[in-house]
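First up is the structure itself, then whatever we jot down about it.
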Amino acid sequence: MSTPSTTTATDRTAPGRADAPVRALIIGCGTIATLHAEVLTQHPDFTVTALVDVDRTAAERAAQEVVALGAVEPVVYDSIAEAVASGTVDLGVICTPSGYHIDNALELIDAGLHMVIEKPLDVSVAKSREFAARVARVERSGQVVSVISQHRFDPGSALIHQAIEEGRFGRITSAVASMAWYRSQGYYDSGDWRGTWALDGGGAVMNQGIHTVDLLRWFCGRPVEVHAHIAQLDHERIEIEDTATATVRFESGALAVIHMTTAAYPGLTARIQVHGSLGSAIQDNDELRYFHAGDGEVSANLREAKTIGNQVETVLGRRPGGDEFAGSRNQPDTFAAGHTRQYDDIAAAIREHRRPLVTAEEALLSLALVRSMYVSATLGRPVNFDDVLDGKYDDVTVTVPRRA
């Protein structure tokens with residue numbers, strides 16, 4: 001076996017050259033890894049060269065899926081260390097259960113590899129806080145670390161954030177983040193790690209709702225105070241919540257309501273509303289349903305976001321179509337499109353030696369907001385966000401009220 005490479009991040013192959021795509025190692029070969037493999041294989045700046053999974057059969061199956069996409073078969077390694085030592089990887093893509101994310105990332109960071117971590121950053125704010133500080137140091141050498149928050153790259157999300165940054169909604173006064181999905185008991189029974197605090201890190205909020213919570217924080221800024229309730233109302237044999245509500249006060253003074261559930265049969269939509277003194281926007285299942293910014297008639301400000309290359313075009317004068325109750329947002333084509341857009345940003349960050357849009361620090365803040373909800377619900381009172389972020393409540397064990 002060869003010795004680990006001493007190549008620094010700035011020496012790593014830069015994307016954009018036909019003869020030198022970024023070589024990716026996928027760690028964990030479950031369902032989400034299949035999506036990453038597909039996106040990376042079809043992306044001109046990346047290639048999948050290596051796979052690792054504790055279940056070698058799963059890794060070998062993933063390798064054949066890459067071949068079916070017309071790419072060279074990646075090598076299956078027995079460990080992360082062996083894959084890194086091969087000298088054939090530039091980027092580690094972590095797709096293991098959430099509770100393993102930082103442990104896996106720590107095996108990559110000293111090797112100088114760039115890395116992509118599936119959401120959330122981890123289940124532990126304490127571990128994530130230390131990891132984010134470490135990432136801040138290695139970023140100076142050009143190492144790129146990003147956490148998947150693909151819905152920040154949805155055209156509607158990008159348009160809303162841009163409008164907020166430009167002050168086109170005036171002062172942001174309030175927001176609503178709601179996810180009404182359904183997960184059967186069979187879903188939770190399908191894997192020993194599902195529904196556990198150790199590996200899932202939580203339920204409706206952490207596992208399914210983290211993207212909607214992330215968008216809320218991206219739009220509204222830094223939270224100050226969180227007051228939440230959580231419960232397990234429709235499932236058995238799990239440790240975590242299937243329903244949660246919260247109110248959040250932000251530094252700007254804006255107030256928000258969070259509602260998350262996986263007990264809304266048959267499964268409705270994920271929706272975020274942002275309201276300000278000069279305008280409002282509604283995004284439903286990742287599609288922009290309403291947008292009004294500044295002065296003008298409301299009827300002239302209904303807009304739908306479209307993607308044209310990497311640009312966002314607003315189409316005026318018609319209400320977007322689609323089924324209001326289309327169910328879970330994770331339709332295969334649109335789900336892959338979000339990951340592809342994020343990988344576009346990651347490729348550019350590696351090439352330009354800059355930070356990606358979604359950094360470990362950003363992911364930590366969204367994780368801390370989720371943790372703030374759990375801590376508040378357990379203590380039965382509001383909590384200060386910075387106290388949660390700084391570790392005051394690291395030792396709190398979350399408890400979930402269950403149905404009678």
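Remember, it's a predicted structure, so these values are computed and weren't measured experimentally. Each residue takes its place number in the sequence, starting with 1.
Atom CZ of Arg56 is surrounded by more than 12 heavy atoms from other residues, nucleotides or ligands within 6.0 Å. Within a 6.0 Å radius of CD in Glu239, more than 12 heavy atoms belonging to other residues, nucleotides or ligands are found. Other residues, nucleotides and ligands contribute over 12 non-hydrogen atoms within 6.0 Å of the OH atom of Tyr187.
Among all heavy-atom pairs drawn from Asp53 and Cys29, the shortest one is OD2-N, 2.6 Å. Arg403 approaches Leu233 most closely through the heavy-atom pair CD-O, 3.2 Å. Of all heavy-atom pairs between Val89 and Ala50, the closest is CG1-CB, 3.8 Å. Across Leu216 and Ala256, no two heavy atoms sit closer than the pair CD1-CB, 4.0 Å. Considering every non-hydrogen atom in both Gly201 and Tyr374, the closest pair reads O-CE1, 3.6 Å. The two residues Pro120 and Val147 come nearest to each other via the heavy atoms C-CG1, 4.4 Å.
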**Request:** Start with the C-alpha distance between Ser280 and His275, add both sets of side-chain angles, then the distance that settles side-chain hydrogen bond (donor to acceptor under 3.5 Å, both in side chains), and finish with yes or no.
**Result:** CA-CA 4 Å; Ser280 297; His275 304 288; 3.0 Å; yes
**Request:** Check the pair Arg217, Glu362 against salt bridge (Lys or Arg N to Asp or Glu O under 4.0 Å), reporting the backbone distance first and the verdict last.
**Result:** CA-CA 10 Å; Arg217 196 195 58 74; Glu362 277 288 293; 2.8 Å; yes
**Request:** Give the C-alpha distance, both sets of side-chain angles, the deciding distance and a yes or no for side chain to side chain contact (heavy atoms under 4.5 Å, CB included) between Ile26 and Leu40.
**Result:** CA-CA 10 Å; Ile26 296 178; Leu40 287 164; 4.3 Å; yes
**Message:** Is there a side-chain hydrogen bond (donor to acceptor under 3.5 Å, both in side chains) between Glu241 and His229? Walk through the geometry before answering.
**Reply:** CA-CA 10 Å; Glu241 88 290 352; His229 295 85; over 6 Å; no
**Working for side chain to side chain contact (heavy atoms under 4.5 Å, CB included), residues Asp394 and Lys127** = CA-CA 10 Å; Asp394 282 353; Lys127 289 167 64 176; over 6 Å; no
**Request:** Could you please spell out the steps behind the side chain to side chain contact (heavy atoms under 4.5 Å, CB included) verdict for Arg354 and Val144?
**Result:** CA-CA 8 Å; Arg354 64 163 173 82; Val144 171; over 6 Å; no
**Message:** Please evaluate residues Glu225 and Arg381 with respect to the criterion salt bridge (Lys or Arg N to Asp or Glu O under 4.0 Å), reporting the C-alpha separation (whole Å), side-chain torsions for both, the decisive distance (0.1 Å), and the verdict.
**Reply:** CA-CA 10 Å; Glu225 184 180 79; Arg381 59 176 173 80; over 6 Å; no
**Prompt:** Run the salt bridge (Lys or Arg N to Asp or Glu O under 4.0 Å) check on Asp154 and Arg341 step by step: do they pass?
**Reply:** CA-CA 8 Å; Asp154 293 335; Arg341 295 186 195 108; 3.6 Å; yes
**Request:** Would you sort out whether Ile94 and Glu118 count as a side chain to side chain contact (heavy atoms under 4.5 Å, CB included), showing the intermediate values?
**Result:** CA-CA 6 Å; Ile94 297 172; Glu118 249 301 338; over 6 Å; no
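Between Arg351 and Asp45 there is a salt bridge, since a side-chain N of the basic residue sits under 4.0 Å from a carboxylate O of the acidic one.
For the side-chain contact (heavy atoms from CB on, under 4.5 Å) with Phe131, the qualifying choice from Asp103, Ile117, Asp122 is Ile117, the only one to do so. Results of the side-chain contact (heavy atoms from CB on, under 4.5 Å) test with Phe385 over Leu389, Val383, Val388 single out Leu389 as the only residue that passes. Among Ile172, Ile282, Val176, Thr173, the one residue that satisfies the side-chain contact (heavy atoms from CB on, under 4.5 Å) test with Val274 is Ile172. The one candidate from Leu108, Ile27, Ile346 that meets the side-chain contact (heavy atoms from CB on, under 4.5 Å) condition with Met115 is Leu108.
A donor-acceptor distance shorter than 3.5 angstrom exists from the side chain of Thr196 to the backbone of Leu199, with no hydrogens or angles considered. Judged by distance alone, the side chain of Asn285 and the main-chain N or O of Glu287 form no donor-acceptor pair under 3.5 Å. Panel note: side chain Gln283, backbone Arg289; no donor-acceptor pair is recorded below 3.5 Å. Within the 3.5 Å criterion, the main-chain N or O of Met373 finds no donor-acceptor partner in the side chain of Ser376. With hydrogens and angles ignored, the 3.5 Å screen pairs a side-chain donor or acceptor of Thr378 with a backbone N or O of Thr399. Of the possible donor and acceptor atoms, one in the side chain of Asp200 sits under 3.5 Å from a partner among the backbone N and O of Gly195. A donor-acceptor contact shorter than 3.5 Å links the side chain of Gln185 to the backbone of Glu236. Using modelled atom types, one side-chain atom of Thr261 and one backbone atom of Asp242 make a donor-acceptor pair closer than 3.5 Å. In this structure a side-chain-to-backbone donor-acceptor pair under 3.5 Å is present from Asp345 to Leu357. Looking at Gln150, its side chain never comes within 3.5 Å of a backbone N or O of Ala337 through a donor-acceptor pair.
Taking 4.5 Å as the limit, some side-chain heavy atom of Asp110 sits within range of a side-chain heavy atom of Arg134. Side-chain atoms of Val125 and Leu364, non-hydrogen and from C-beta on, do get closer than 4.5 Å to each other. Using a 4.5 Å heavy-atom cutoff, the side chains of Leu379 and Tyr393 are in contact. A heavy-atom distance below 4.5 Å is found between the side chains of Asp234 and Tyr182. When side chains are defined from C-beta on, Trp197 does not count as touching Thr397, because their heavy atoms never get closer than 4.5 Å. The closest side-chain heavy-atom distance from Thr88 to Tyr77 is below 4.5 Å. At a threshold of 4.5 Å between non-hydrogen side-chain atoms, the residues Val116 and Ile148 count as touching. Using a 4.5 Å heavy-atom threshold, the side chains of Ile240 and Val400 count as separate.
Aromatic ring centres of His43 and Tyr343: separated by at least 6.0 Å. If you look at Tyr100 and Trp193, their ring centroids are not closer than 6.0 Å.
Distance CZ/Arg23 to CG/Asp90: 4.0 Å, rounded to 0.5 Å. To the nearest 0.5 Å, atom CD of residue Glu166 and atom NE2 of residue His161 are 10.5 Å apart. Put simply, CH2 on Trp218 and OG on Ser157 are 6.5 Å apart, with the number rounded to the nearest 0.5 Å. A distance of 11.0 Å separates CZ in Arg222 from CG in Leu369, rounded to the nearest 0.5 Å. Atoms CG and CZ, on Leu365 and Arg129 in that order, are 12.0 Å from each other to the nearest 0.5 Å. Within the model, atoms CZ of Arg168 and CD1 of Ile160 stand 11.5 Å from one another, a figure rounded to the nearest 0.5 Å.
At least one test fails for Arg183 against the ring of Tyr188: distance under 6.0 Å to the centre or angle within 45° of the axis.
Residues Asp284 and Thr269 have side chains that bring a donor and an acceptor to within less than 3.5 angstrom of each other.
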